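The structure appears below as structure tokens.
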Amino acid sequence: GEETTPHYGIFRPRSRMLPNWTMHIAPARHHRPPQDTKPFTVRQAKLLKILTKSFWLIILCVSASTLLCINPASGDTHITALSPSKGHPRIVKLLNYFVQRHHYRKVKLNDDLSAHIFERYLESLDPNRSFLYATDIQKFSHLRSRLDDKLRRAQLTAIFSLFNVYRSRVENRVEHALRLLDSPFNFEVDERYQFDRRDAPWTTSMTAMNDLWRQRVKNDYLSLKISGKTSDEITKTLGDRYRQIQRRVHQFTNQDVLAIFANAYLSSVDPHSRYLSPRARENFKIRMSLSLEGIGAVLRSDNDYTRVLRV
């Protein structure tokens, strides 16, 4: 985690450097062997060669697995669970300090505020209630009255655990949506699809969740069909759309999770109060100064690639 210091209500990172994975190998010192040293036999030389190759193979495998854990590929369905960094408790303590001492609204950090923070956090993760189950909400329902205590102690483990459950649900839904594209839809059935589920109850079973996503994918398919696209074009468009959801959830870092929770906390105190992560702070400075240093190229993200629109 990166250590941060407050700067007029905005957190300024001291360092954005990622850990460098390097290996230093000292050059061998040439020396004359003792006179009584016997030369290697052919068998010993072959054994030494095998051991040397095995050693470098182990180093290569360990290095590759370490890099995969740090920066998983966007298409990999197995991603490492996120957890708080060492600097996050200090940020939470600073948030508590600013809210309690310097915010214009004198709000008490109690069970009522805790319930508001919990609801705002859920709304930030799953606003349309299309991923999390009622059992997931029940599992973390104790946070509704205990977030105030965890904020005082700067404990974020449960917050990250809830996010990891949400991310696994997104993975599962995307895989199910892609499977639905392989089967034809029956458009002769008269059924209704609820677009806005913000006030709907949380889904209670996998059967109900699968049916909800069947209706969602069917509606997306029908919308593109009405616009005149062919079946192959629709399948490709929706496949890219759903995989993009998967890629976005893969790209979340522990800094992003902290920012989501911090903004759920501050928006519960006042809707105009925001926490700016280091990346959000840089974007804020660009918007306020109306200037950006660069090469003058307009870029756009296209699936896993960056496309140059114009220079």
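All residue numbers in this chain count up from 1 along the given sequence. Predicted, not measured: the structure shown is a model, and the values here were computed from it.
- Using a 4.5 Å heavy-atom threshold, the side chains of Y265 and L147 count as separate.
- Side chains of L162 and L122 form a contact here, defined as non-hydrogen atoms less than 4.5 Å apart.
- Across all their heavy atoms, T203 and A208 have their closest contact at CG2-CB, 3.5 Å.
- Residues T204 and M209 are not in side-chain contact: their nearest non-hydrogen atoms beyond the backbone lie 4.5 Å or more apart.
- The environment of K225 atom NZ is sparse: at most 12 non-hydrogen atoms of other residues, nucleotides or ligands sit within 6.0 angstrom.
- Counted by atom type alone, T253 and D256 present one or more donor-acceptor pairs between their side chains at under 3.5 Å.
- Side-chain contact between V92 and L156 is present, with at least one heavy-atom pair separated by less than 4.5 Å.
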(request) Show your reasoning for whether side chain to side chain contact (heavy atoms under 4.5 Å, CB included) applies to L238 and R243. (result) CA-CA 8 Å; L238 293 182; R243 291 187 189 94; over 6 Å; no
(request) Take D240 and K236 through the test salt bridge (Lys or Arg N to Asp or Glu O under 4.0 Å) and record every step on the way to the result. (result) CA-CA 6 Å; D240 292 342; K236 184 182 183 305; 3.1 Å; yes
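- Counting heavy atoms from C-beta on, the side chains of V99 and N96 never come closer than 4.5 Å.
- S227 contributes atom OG, which lies 6.5 Å from atom CD1 of I234 (distance to the nearest 0.5 angstrom).
- Rounded to the nearest 0.5 Å, atoms CG (L212) and CD (Q194) are 8.5 Å apart.
- In this structure, Y242 OH and L178 CG are separated by 8.5 Å, a value rounded to the nearest 0.5 Å.
- Contact record, L258 with H88: CD2-CD2, 3.4 Å, taken as the closest heavy-atom pair.
- Ionic pairing of K218 and E191 is present here: one or more N-O contacts between side-chain nitrogen and carboxylate oxygen are shorter than 4.0 angstrom.
- Between F163 and Y121, the ring center distance fails the sub-6.0 Å criterion.
- The list of side chain to side chain donor-acceptor pair (under 3.5 Å) pairs with a residue in residues 132-142, not counting sequence neighbours, reads D136-R169.
- For the residue pair S268 / R120, no side-chain donor-acceptor distance below 3.5 Å is found, with atom types taken as modelled.
- Using modelled atom types, no side-chain atom of N263 and backbone atom of L266 make a donor-acceptor pair closer than 3.5 Å.
- Counted by atom type alone, N210 and R173 present one or more donor-acceptor pairs between their side chains at under 3.5 Å.
- Under a 3.5 Å cut-off, the side chain of S168 and the backbone N or O of V165 do form a donor-acceptor pair.
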(request) Show your reasoning for whether side chain to side chain contact (heavy atoms under 4.5 Å, CB included) applies to F140 and S161. (result) CA-CA 9 Å; F140 292 95; S161 297; 3.9 Å; yes
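- Between the D126 side chain and the F131 main chain, a donor and an acceptor come within less than 3.5 Å of each other.
- Put simply, the side chain of Q246 does not reach to within 4.5 Å of the side chain of V170, judged on heavy atoms.
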(request) Could you walk me through whether R214 and D211 pass the salt bridge (Lys or Arg N to Asp or Glu O under 4.0 Å) test, one step at a time? (result) CA-CA 5 Å; R214 179 192 62 80; D211 189 62; 3.0 Å; yes
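- Heavy atoms only, all atoms of each residue included: A262 and L95 are closest at CB-CD1, 3.7 Å.
- Hydrophobic clustering, with ILVMFWY side chains joined whenever heavy atoms are under 4.5 angstrom apart, keeps Y97 apart from Y104.
- Looking at N128, its side chain does come within 3.5 Å of a backbone N or O of F195 through a donor-acceptor pair.
- In this structure, H176 NE2 and L181 CG are separated by 10.5 Å, a value rounded to the nearest 0.5 Å.
- The pair D149-R153 does not count as a salt bridge, with every side-chain nitrogen at least 4.0 angstrom from each carboxylate oxygen.
- A donor-acceptor distance shorter than 3.5 angstrom exists from the side chain of N164 to the backbone of F160, with no hydrogens or angles considered.
- Residues L132 and W202 share a closest heavy-atom pair of O-CE3, 3.5 Å.
- Rounding to the nearest 0.5 Å gives a distance of 10.5 Å between CD1 of I245 and CZ of R247.
- Panel note: side chain R152, backbone L109; a donor-acceptor pair is recorded below 3.5 Å.
- Summarising the local packing, NZ of K106 is surrounded by more than 12 heavy atoms from other residues, nucleotides or ligands at distances under 6.0 Å.
- N186 approaches V189 most closely through the heavy-atom pair ND2-CG2, 3.1 Å.
- Cluster membership check: I226 shares its hydrophobic cluster with F187, using side-chain heavy-atom separations under 4.5 Å among Ile, Leu, Val, Met, Phe, Trp and Tyr.
- For R146, the CZ atom sits in a loose shell: 12 or fewer heavy atoms of surrounding residues, nucleotides or ligands are nearer than 6.0 Å.
- Contact record, V217 with A177: CG2-CB, 3.9 Å, taken as the closest heavy-atom pair.
- Distance CG/L151 to CD1/I117: 5.0 Å, rounded to 0.5 Å.
- Residue H116 places its NE2 atom among 12 or fewer non-hydrogen atoms of other residues, nucleotides or ligands, all under 6.0 Å distant.
- E233 contributes a side-chain N or O that, together with a main-chain N or O of T230, makes up a donor-acceptor pair within less than 3.5 Å.
- Under the 3.5 Å distance criterion, the side-chain polar atoms of S183 are left unmatched by any main-chain donor or acceptor of L180.
- Checked by atom type and distance alone, the side chain of S223 never pairs as donor or acceptor with a backbone atom of Y221 at under 3.5 Å.
- Put simply, the side chain of S114 gets close to the backbone of L143: a donor and an acceptor are under 3.5 Å apart.
- Counting heavy atoms from C-beta outward, L222 and F185 have side chains that stay 4.5 Å or more apart.
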